[in-house]
Each structure stands twice: as structure tokens, then as C-alpha cells.
Protein chains: 2
Amino acid sequence: MILEKKKMFNDFSASKGLRSTRQRDIILDIFLSTHQHVSVEELYLKIKSSNPGIGHATVYRTLKLFTEAGLAREILLHDGQTRYEHVVKGEHHDHLVCTGCNSIIEFEDETIEKLQEEVAARHGFLIKNHKMEIYGLCANCRR
Amino acid sequence: MILEKKKMFNDFSASKGLRSTRQRDIILDIFLSTHQHVSVEELYLKIKSSNPGIGHATVYRTLKLFTEAGLAREILLHDGQTRYEHVVKGEHHDHLVCTGCNSIIEFEDETIEKLQEEVAARHGFLIKNHKMEIYGLCANCRR
DNA sequence: CTTACAACTGAAATTGAATATCAAAAGCAT
DNA sequence: ATGCTTTTGATATTCAATTTCAGTTGTAAG
Ligand SMILES: [Mn+2]
Ligand SMILES: [Mn+2]
Ligand SMILES: [Zn+2]
Ligand SMILES: [Zn+2]
């Protein structure tokens with residue numbers, strides 16, 4: 001799982017002529033060890049604690065590379081913090097976002113995905129990706 | 001249509017004890033005259049050209065009021081610009097966003113909306129609102 | 001093992017959207 | 001008209017994110 005991701009990034013680096021650096025290895029390790037939907041700042045602080053030398057800019061740059069390489073996905077919620085989640089090959093999910101406690105529930109719905117394809121086809125539109133976020137209150141926050 | 005919106009905002013203002021000001025009237029007029037999905041900066045520039053006195057902050061503040069009043073909706077795409085679109089009472093739509101030419105196609109799909117309700121119900125989640133954006137290439141940009 | 005050079009890094013500066021501040025102006029109930 | 005409160009807008013500030021650039025590092029060739 002983790003090795004597979006590292007291989008993915010190695011292959012990506014090779015294909016792009018990128019170099020292998022200590023910083024990228026460390027950032028990938030720590031990213032893979034975080035929970036889903038980690039914010040850049042959260043990740044940066046976690047990295048700092050074991051590797052004080054690594055800079056802000058490098059973390060931002062490297063997360064963009066992970067996204068390009070297909071092992072991370074950018075998430076923009078409504079809190080001004082960009083988050084990244086882990087991409088699992090062949091899987092896709094969307095989000096229920098609780099505005100009460102900020103928790104995020106993931107879900108998959110094959111029928112919705114199919115209908116999206118149909119909508120796109122009806123407009124001659126070629127889908128690259130999509131996002132769907134449902135905002136509201138989770139079971140805990142409702143009562 | 002436009003009169004109805006103005007009434008909506010008047011009612012909202014009254015209910016909140018807000019005052020009626022020249023600036024809010026102008027901003028509402030010009031907002032209602034813009035295309036869908038106008039960015040704050042676009043709107044601000046349009047306002048400036050006929051009303052040089054009106055400030056940046058007022059435009060931001062007033063758009064938030066429109067959103068609260070239920071006649072505008074905030075849209076965050078991936079270009080770092082907050083956009084606002086017109087809300088038509090009783091209607092809802094989502095977006096196909098072309099990454100080639102930045103055009104936006106609106107669509108409605110009642111079945112998808114129903115399925116979202118079901119997903120939420122399955123998780124005991126109470127929906128307040130949602131957004132769905134499908135990114136890709138429009139018919140023109142495909143070829 | 002050098003050397004050469006492009007890629008990479010990180011501290012610091014910069015950008016840019018959005019918000020906060022606060023004195024002056026304007027709305028409104030009396 | 002008066003008095004009080006809201007609103008405004010120039011300006012400052014915030015904060016995430018990007019850019020800059022001099023120094024460092026990876027790597028391929030000699
Ligand atoms: Mn997720
Ligand atoms: Mn729209
Ligand atoms: Zn919750
Ligand atoms: Zn297009």
C-alpha cells in the first residue's frame with residue numbers, strides 16, 4: 001500500500017525527469033501517515049517536528065507534485081485552508097461535511113456517478129474529474 | 001423578476017433592522033444586471049465605472065448580505081476568485097466547468113438530488129446545501 | 001572520484017483575496 | 001432639527017499561497 005504509493009511517485013518522478021531528494025521522501029512518508037483531509041499547515045507542522053529544516057514552500061510544492069502524480073487530491077472546503085486527501089487507485093468518493101463539528105463523512109454512490117456521466121454526455125462534455133460536497137449536520141450534531 | 005429580487009432584499013433588510021442605503025441599491029442593481037458567476041472583482045470594477053465612490057469593502061459586505069437574503073450564492077471554483085451567482089427561488093442547479101475556456105454550463109438533475117437525500121439519510125445526516133461541480137472539456141474545447 | 005550543471009531548497013519577500021479598523025457620513029425614529 | 005446607531009470607505013492588516021534567488025544537492029559524464 002505505502003510501498004505502492006512510493007513506487008507511483010518514483011515512476012512519476014522518473015517520467016518527468018525529477019530528482020530524488022531527502023525532502024520529498026520525508027514529505028511523502030509523513031503525508032502517507034496522516035489522516036484523510038489533512039491541511040497543508042497541519043502537515044507542515046507535523047513535518048517540522050521531526051525535520052525542522054524543511055521549508056514551507058517545499059511542502060506546498062511537493063503536495064502539488066503528489067497531486068500531479070495521482071496520489072493526492074486537493075480539497076477546497078469553505079474554511080480558507082486547502083486540504084489534501086489520499087487517492088486510492090480505482091476508488092472514488094465524495095463528502096458529507098458537517099458544519100457543526102467539521103467532521104467529514106466519505107461516501108460512494110455508483111448511481112450518482114453514472115448519472116453525472118449521462119448529464120455530461122447530454123452536453124457533449126468530457127469529464128476529467130468532479131467533486132460533490134454535501135453540507136449540513138451529522139447525526140451527532142443534529143440533536 | 002428584478003423587482004421581486006429588490007423586494008426580497010427589502011424584506012430581508014426590514015426583518016434584520018438593516019438600513020436602506022444608496023450603495024446597497026446600486027450594488028444590487030448592478031449585480032442583477034451581470035451575467036451568472038460574476039467574480040467580486042469584476043462586479044467591483046463594473047460598479048466603480050459608474051460609481052467611483054463605492055469601496056471595495058462595501059461590495060464584499062453587501063454580497064454577503066445578498067447571500068444571507070437568499071438572492072445570491074457563493075461559488076468557489078479553483079481559481080482563487082469567489083464568484084456569486086443569482087439564486088432563482090425554487091430552483092437549483094449544478095455546474096459543468098470547462099477547464100479549457102472557463103465557461104460554465106448549468107444543469108439540473110432531479111434524480112441526482114434525490115439520491116443525495118438518500119445518501120444523507122443513510123448516514124443520519126441533515127442536508128443544508130450542497131455543491132456539485134464537474135470539471136472537464138466542453139463540446140467546443142474537445143476538438 | 002572529480003567536475004559540471006541543472007534541479008532543488010528554504011528564508012525571505014511578495015502577492016492577492018478577504019477582513020478588520022475607525023473616523024466621518026448617512027439613515028431614521030422621535 | 002436632534003440624537004443615536006448603522007453604514008461607509010480609505011487604509012491597515014491578515015493569511016494562505018507563490019515567487020525570488022543565492023546557496024545546496026543530485027546526477028550523469030569524464
Ligand atoms: Mn475524502
Ligand atoms: Mn450557476
Ligand atoms: Zn457534526
Ligand atoms: Zn470550453
Side-chain angles (χ1 to χ4, degrees), chain A residues 6 9-31 37-69 72-84 102, chain B residues 9-31 37-69 72-84:
Chain A
K6 293 193 182 181
F9 188 60
N10 282 342
D11 291 351
F12 171 81
S13 296
S15 77
K16 291 273 177 179
L18 303 181
R19 292 179 176 174
S20 162
T21 70
R22 193 181 58 87
Q23 289 86 342
R24 285 172 182 163
D25 287 348
I26 291 167
I27 296 171
L28 180 53
D29 268 336
I30 297 186
F31 172 65
H37 320 122
V38 67
S39 74
V40 182
E41 192 59 20
E42 280 166 4
L43 189 61
Y44 172 66
L45 292 176
K46 194 161 180 194
I47 289 167
K48 264 248 156 147
S49 70
S50 48
N51 296 80
I54 293 181
H56 224 188
T58 302
V59 175
Y60 274 98
R61 285 189 286 234
T62 305
L63 284 168
K64 290 218 177 288
L65 290 178
F66 293 169
T67 303
E68 256 192 273
R73 180 160 73 128
E74 253 180 41
I75 306 184
L76 296 180
L77 304 183
H78 282 251
D79 64 350
Q81 295 261 111
T82 299
R83 295 173 179 280
Y84 285 87
N102 295 313
Chain B
F9 188 59
N10 282 343
D11 292 350
F12 172 80
S13 296
S15 76
K16 289 273 178 181
L18 302 181
R19 292 180 176 172
S20 161
T21 72
R22 194 179 58 86
Q23 288 87 339
R24 285 173 182 162
D25 288 347
I26 291 168
I27 295 172
L28 181 52
D29 268 337
I30 298 184
F31 173 65
H37 321 121
V38 67
S39 74
V40 181
E41 191 59 20
E42 280 167 3
L43 189 61
Y44 172 66
L45 290 175
K46 192 160 181 194
I47 289 166
K48 265 246 154 151
S49 70
S50 49
N51 296 79
I54 293 181
H56 225 186
T58 302
V59 175
Y60 274 98
R61 285 190 285 236
T62 305
L63 285 169
K64 290 217 176 289
L65 289 179
F66 294 168
T67 303
E68 257 193 88
R73 181 160 73 129
E74 252 180 44
I75 307 185
L76 296 180
L77 303 183
H78 281 250
D79 63 351
Q81 294 261 115
T82 298
R83 296 173 178 280
Y84 285 87

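Below, chains carry the letters A, B, ... as their sequence lines are ordered, and counting in each starts from 1.
Here B:L28 contributes atom CG and B:T62 contributes atom OG1; the two are 9.5 Å apart, rounded to the nearest 0.5 Å. One distance of note links CZ of A:F66 with CG of A:L63; it measures 6.5 Å at 0.5 Å rounding. Remark: B:I54 CD1 to B:I47 CD1 distance equals 6.0 Å, nearest 0.5 Å.
When the salt bridge (charged side-chain N to carboxylate O under 4.0 Å, His left out) test is applied to B:D25, no partner is found at least two apart in sequence or on another chain. Applying the salt bridge (charged side-chain N to carboxylate O under 4.0 Å, His left out) rule to A:E68 yields the partners A:K16; only residues at least two apart in sequence or on another chain are considered. For A:F12, there are no ring pair (Phe, Tyr, Trp, His ring centres under 6.0 Å) partners at least two apart in sequence or on another chain. With sequence neighbours excluded, the residues forming a side-chain hydrogen bond (donor to acceptor under 3.5 Å, both in side chains) with B:D11 are B:K7, listed by chain and number. Taking the ring pair (Phe, Tyr, Trp, His ring centres under 6.0 Å) definition, one finds that B:Y44 meets it with B:H56, sequence neighbours left out.
Nucleotide C:dG27 holds its C1' atom 12 Å from the CG atom of B:L18, rounded to whole Å. Rounded to a whole Å, the NZ atom of A:K64 is 17 Å from the P atom of C:dC8. In this structure, A:L63 places its CG atom 16 Å from P of C:dC8, rounding to the nearest Å.
Residue A:K16 places none of its side-chain N or O atoms closer than 4.0 Å to OP1 or OP2 of C:dA7.
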Could I get a table of every N or O pair under 3.5 Å where one atom is in the protein and the other is in nucleotides 2-6 of chain C?
unit_1	atom_1	unit_2	atom_2	d
C:dA6	N3	A:R19	NH1	3.0
C:dA6	N3	A:R19	NH2	3.2

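Annotation: side chain of B:L65 is in contact with side chain of B:R24 (closest heavy-atom distance under 4.5 Å).
Residues B:L76 and B:S20 each lie close to DNA chain C; by heavy-atom proximity, the contact nearer the 5' end of the strand is made by B:L76.
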Which pairs would a plain distance check flag for residues 73-83 of chain A, meaning a side-chain donor or acceptor within less than 3.5 Å of a matching protein atom at least two apart in sequence or in another chain?
unit_1	atom_1	unit_2	atom_2	d
A:R73	NE	A:E85	OE2	2.8
A:R73	NH2	A:E85	OE2	2.8
A:R73	NH2	A:H93	O	3.0
A:E74	OE2	A:K64	NZ	3.1
A:E74	OE2	A:Y84	OH	3.3
A:H78	NE2	B:K131	NZ	3.2
A:D79	OD1	A:Q81	N	3.2
A:D79	OD2	A:R83	NH2	3.4
A:Q81	NE2	A:S39	OG	3.3
A:R83	NH1	A:H37	O	2.9

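Listed by residue number, there are no residues of residues 21-29 of chain B with a heavy-atom contact under 4.0 Å to DNA chain C. Shown for residues 39-61 of chain A: residues whose heavy atoms fall under 4.0 angstrom of DNA chain D, namely A:A57, A:Y60, A:R61.
Of all nucleotides in DNA chain D having an atom under 4.0 Å from a heavy atom of chain A, the first and last in 5' to 3' order are D:dA16 to D:dT27.
Sequence neighbours left out, not one pair with a member in residues 43-56 of chain B passes salt bridge (Lys or Arg N to Asp or Glu O under 4.0 Å).
Note on the helix from C:dC1-D:dG30 to C:dT30-D:dA1: terminal axis deviation equals 30°, with five pairs used at each end and the result rounded to 10°.
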